[in-house]
Amino acid sequence: MNRALRLFLLLAFFVPGKAAFSQQEKADSVSLTPYLVDASLFSVYHRGDACYFKIPLQLLGKEMLVLKPLGSLFKQDNVFTWTRAGDSVQMRVREASRRVLGADSIGAQRHWFRSFKIASETSGSCIINVSPLFDKLPGWEADTPHYFVLLPERPMQPRLCDNRLGFFHRWYPTDKKEPTPYLKMIERFRLEKKFPGAKLSVPVRPIVFYMVPETPRKWQLYIKQAVEDWNTAFEKAGFKRAIRCELSTRAQQAGWKSMPVPPCIIQWLPDEGASGTHVIDPRSGEVLFSRVTVGGSSLIDNENWYFIQASASDPSARKLPLRDELQGRMLRYTVSHEIGHALGLDHNYKASSVYTIKQLRNPAFTKKHGIEASIMDYGRLNYVAQPGDGAALFPVIGPYDCFAIVYAYRRLPLAKDPVNEWPALGKMLSRQDAEPRLRFSLGYNWYGNDRISDPSAIEEDLGDDHLEASRLGLLNLKRVMGFIGSATADKVLLKEKYIQLLEERAYLLKHVAALIGGQYEPNNQIRHNGSIVYRKVSARVQRRAVAFLLTQAFGDHQEFFAPPFLKRIKNVRVRSWPGVMGTENAEAANICAELFTQKTILYDFLDKSNLLADHQIAGYSYAQMIGDLQQGIFSELGQSRAMVSPSRAELQLTYIDMTCKLLQMPDKVAFSKVSEGTSAQWKRLICACLASLSAKIGARIGALKNPATNSHFEHCRAEIDKGLQSAAQKNNS
């Protein structure tokens with residue numbers, strides 16, 4: 001941690017008592033009750049209903065940062081300085097993100113200041129009454145603790161952020177209007193070579209994370225490995241032993257308790273999951289402090305993921321709970337991901353779709369490269385691998401991670417400011433044109449009011465072919481269904497794993513749904529040339545995706561929703577069933593879970609606004625897609641001996657209900673992606689499809705020999721006609 005960094009807590013609440021100081025009182029003649037005292041920054045006192053700061057004169061003019069806790073995070077408020085003005089001390093504050101790049105004038109920034117009369121003075125400090133600070137100035141609250149950070153005297157040189165890589169960043173105003181009045185700067189640690197001329201050098205000050213002593217001993221080595229795995233990436237940036245992890249002592253931890261914020265730490269909280277946060281110097285993007293949290297909840301989540309995604313390929317994981325070695329490896333993966341965030345990296349959802357299905361099933365390839373190009377994706381585990389493949393199952397720090405660390409931390413000695421660094425950084429980024437493994441996407445990009453749906457940049461996916469990856473993943477889930485009932489005698493554990501399996505099935509289906517109307521985003525660098533050309537998913541692949549979902553999402557899959565062990569867990573209460581809050585009865589819940597998944601997929605179908613706006617994507621129009629969907633859902637109408645099962649009847653009525661209700665909604669809220677300009681067009685098309693369906697049902701009613709099926713379709717037709725009539729009345733009004 002930077003030696004210039006000092007953090008102290010102001011507990012801002014007041015106790016009624018005697019009158020406050022008068023300006024004439026001498027500090028040595030007044031009995032001050034210390035509320036929180038530390039001579040290295042400034043002391044805080046209270047007297048009566050007043051609060052006082054005792055500010056050393058050497059702090060005048062020094063820039064500080066004000067923080068407020070926000071749950072487990074910090075809200076970074078403002079940068080301020082104390083300045084002397086006659087018999088007063090002024091607190092000058094400016095918005096943390098409003099620093100003018102390359103300019104010292106505070107006049108160009110949004111700022112405010114407040115003067116506080118000096119209540120008393122000593123040879124090396126002055127005492128001011130700051131009670132009005134919490135009553136009248138923006139962002140200050142009397143019942144909220146505030147943290148004061150003395151910022152480094154020499155700000156670190158910022159580094160430009162670019163859309164082709166994913167970093168946490170801040171916007172900085174410039175003194176120019178063109179091409180943009182703002183620049184983005186990445187958030188990163190200050191890392192400087194001890195031997196600047198060496199190709200590979202230890203840093204002047206390495207990045208050190210401390211495990212708290214409460215960390216269970218059996219997990220400590222895995223956590224240490226997770227942190228130090230990142231040294232592979234830092235070596236490519238020119239640093240050796242740049243980051244390390246140490247187990248703190250009880251004495252160190254006791255020292256942290258006297259500070260509001262400790263050094264960079266990895267906390268073990270038994271009831272918490274994995275998360276991370278950091279505090280930055282807003283002038284430069286320098287990470288001053290980082291905290292990673294991991295705990296018992298992470299172990300539960302990791303066990304769920306491994307059992308569902310990997311046990312088909314790993315026979316040792318077919319009994320629960322998992323052995324410690326597997327849990328440790330999962331913990332190592334989880335902590336490595338969170339450390340990546342601490343180092344400044346955002347998620348990269350493009351990375352999990354870079355490797356081919358063949359590569360993911362190859363033992364030699366996966367053992368060398370892992371299963372995705374970045375550990376910052378949510379690729380989780382290798383659910384594509386089949387039993388007998390022998391492929392590796394875990395992600396590792398990949399080529400994108402190394403590339404991003406090089407971009408953020410490699411020293412560029414000839415550049416005197418961030419803008420002058422750009423030619424070297426731009427040349428570095430040009431590697432992405434020829435190396436897809438280095439590319440980045442958050443999975444969503446907005447241009448005006450249009451949202452691009454890129455099926456290669458979504459969460460929880462794996463592989464370059466979603467149809468094949470989901471097919472293989474579903475095969476593995478069916479295998480897991482074969483032994484999940486005998487994996488444990490613990491009913492709570494069994495129900496948790498069963499819920500996770502249903503959620504995983506839903507993910508696999510959504511990955512295929514993303515292909516319909518999908519458009520692959522090009523390498524982001526094309527944006528800088530002013531043109532964007534998207535590669536659309538072919539009509540053949542889109543039709544295959546529709547056919548896949550009609551079978552896998554809307555077909556009858558009793559192996560998933562009517563397992564033999566269902567009665568064992570029917571009254572076991574665990575977390576909410578998918579889509580069914582608080583449902584306790586498992587027989588009822590599994591039907592609701594199936595319908596919830598089907599509703600989600602149906603919504604994805606209906607919400608393909610880009611098919612509507614562009615009329616067609618690669619030769620496949622919205623009308624064709626809805627026609628294929630509707631024909632598949634009501635396929636019984638084309639059968640000579642039609643018989644509709646209860647689950648199919650529920651699906652068909654759900655389709656009619658969803659479409660009819662959406663016809664009633666205002667144009668702006670009918671769908672998340674359907675714009676107001678295309679909503680009327682969408683509604684006309686849906687009305688035509690429903691009218692066609694009503695006619696087909698009418699032609700078949702009476703010819704159906706099964707009374708229950710005939711009655712069901714009569715009900716369907718009545719619901720369609722009622723919905724169309726209501727929509728027509730609404731439009732006429």
Side-chain angles (χ1 to χ4, degrees), residues 304 307-309 311-312 318 383 386-387 467 470-488 491 493-513 545-572 574 576-580 583-602 604-605 629 631-639 641-655 706 708-709 711-713 716:
N304 289 343
F307 179 78
I308 297 304
Q309 292 190 329
S311 61
R318 296 177 188 175
Y383 63 78
Q386 299 294 288
L467 276 165
S470 291
R471 185 186 73 83
L472 294 171
L474 288 170
L475 285 177
N476 279 336
L477 290 187
K478 290 177 182 179
R479 294 184 179 106
V480 175
M481 285 300 301
F483 56 75
I484 185 174
S486 60
T488 178
K491 294 179 181 180
L493 209 57
L494 175 59
K495 191 168 184 177
E496 284 180 347
K497 300 303 178 284
Y498 179 50
I499 291 173
Q500 183 70 43
L501 187 145
L502 295 181
E503 291 178 345
E504 175 66 10
R505 178 178 179 268
Y507 273 125
L508 295 175
L509 297 174
K510 290 177 185 178
H511 298 162
V512 175
V546 173
F548 183 94
L549 292 172
L550 287 172
T551 301
Q552 299 298 329
F554 304 133
D556 189 9
H557 292 279
Q558 292 300 302
E559 69 271 27
F560 289 116
F561 295 100
F565 59 81
L566 199 59
K567 290 184 179 180
R568 288 168 50 196
I569 60 174
K570 67 178 182 178
N571 294 320
V572 177
V574 294
S576 300
W577 205 271
V580 193
T583 299
E584 204 170 328
N585 183 279
E587 285 93 348
N590 76 323
I591 296 172
C592 295
E594 180 180 18
L595 189 58
F596 175 74
T597 300
Q598 291 175 342
K599 283 183 176 180
T600 302
I601 301 300
L602 277 176
D604 282 344
F605 269 105
L629 172 67
Q631 182 178 347
I633 290 177
F634 291 87
S635 60
E636 289 87 351
L637 290 172
Q639 299 170 5
R641 295 181 177 272
M643 183 177 293
V644 180
S645 68
S647 61
R648 287 283 292 179
E650 191 70 34
L651 169 65
Q652 291 165 358
L653 287 170
T654 297
Y655 171 81
N706 185 282
T709 298
S711 176
H712 162 68
F713 279 128
C716 286

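Positions are given from 1 along the sequence.
Here the closest non-hydrogen pair linking Thr709 and Ala642 is OG1-O, 3.9 Å. Among all heavy-atom pairs drawn from Ile601 and Leu549, the shortest one is CG2-CD1, 4.1 Å. The two atoms that bring Gly485 and Leu494 nearest to each other are CA-CD1, 4.2 Å, heavy atoms only. Summarising the geometry of Ala545 relative to Leu467, their closest heavy-atom pair is CA-CD2, 3.9 Å, with the distance given to 0.1 Å. Scanning all heavy atoms of the two residues, the minimum distance from His511 to Ser470 falls at CB-OG, 4.0 Å. When all heavy atoms of Lys491 and Arg568 are compared, the closest pair comes out as CD-O, 3.3 Å.
Considering only heavy atoms from C-beta on, Leu602 comes within 4.5 Å of Leu651 through its side chain. Contact check for Leu475 versus Arg479: side-chain heavy atoms found under the 4.5 Å cut-off. At least one side-chain heavy atom of Leu508 sits under 4.5 Å from a side-chain heavy atom of Leu477. Taking the side chain as every heavy atom from C-beta outward, Leu493 and Glu496 approach each other to under 4.5 Å. The side-chain heavy atoms of Asn476 and Pro387, taken from C-beta on, include a pair separated by under 4.5 Å.
We find the CG-NZ distance between Leu566 and Lys495 to be 8.5 Å, quoted to the nearest 0.5 Å. To the nearest 0.5 Å, atoms CZ (Phe565) and OG1 (Thr488) are separated by 11.5 Å. Note that CD1 of Ile308 is 9.0 Å distant from CE of Met481, once rounded to the nearest 0.5 Å. Taking OH of Tyr655 as the reference point, atom CZ of Phe554 lies at 10.0 Å (rounded to 0.5 Å).
A tilted orientation is assigned to the rings of Phe634 and Phe713, their planes being inclined by 30° to 60°.
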(Q) Using the rule given for side chain to side chain contact (heavy atoms under 4.5 Å, CB included), can you reason through Gln598 versus Thr654, listing the C-alpha separation, both sets of side-chain angles and the distance that settles it, and then say yes or no? (A) CA-CA 9 Å; Gln598 291 175 342; Thr654 297; over 6 Å; no
Q. For Thr597 and Lys510, what are the C-alpha separation, side-chain angles and deciding distance, and is it a side chain to side chain contact (heavy atoms under 4.5 Å, CB included)?
A. CA-CA 9 Å; Thr597 300; Lys510 290 177 185 178; over 6 Å; no
(Q) I'd like to know whether Leu474 forms a side chain to side chain contact (heavy atoms under 4.5 Å, CB included) with Phe548, so could you lay out the CA-CA distance, the side-chain angles of the two residues, the decisive distance to 0.1 Å, and finally the verdict. (A) CA-CA 12 Å; Leu474 288 170; Phe548 183 94; 3.8 Å; yes
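No donor-acceptor pair under 3.5 Å is formed between the side chain of Gln552 and the backbone N or O of Leu509. Using a distance-only test at 3.5 Å, with no hydrogens or angles considered, a donor-acceptor pair links the side chain of Tyr498 to the main chain of Phe560. Between the side chain of Asn706 and the backbone N or O of Met643, no donor-acceptor pair lies under 3.5 Å. Remark: the backbone N or O of Thr551 is paired with a side-chain donor or acceptor of His557 at under 3.5 angstrom. The backbone N or O of Phe483 sits less than 3.5 Å from a side-chain atom of Ser486, completing a donor-acceptor pair.
One side chain, Glu636 or Gln652, offers a donor N or O that lies under 3.5 Å from an acceptor on the other. Counting only N and O atoms by type, the side chains of Arg648 and Ser635 include a donor and acceptor under 3.5 Å apart.
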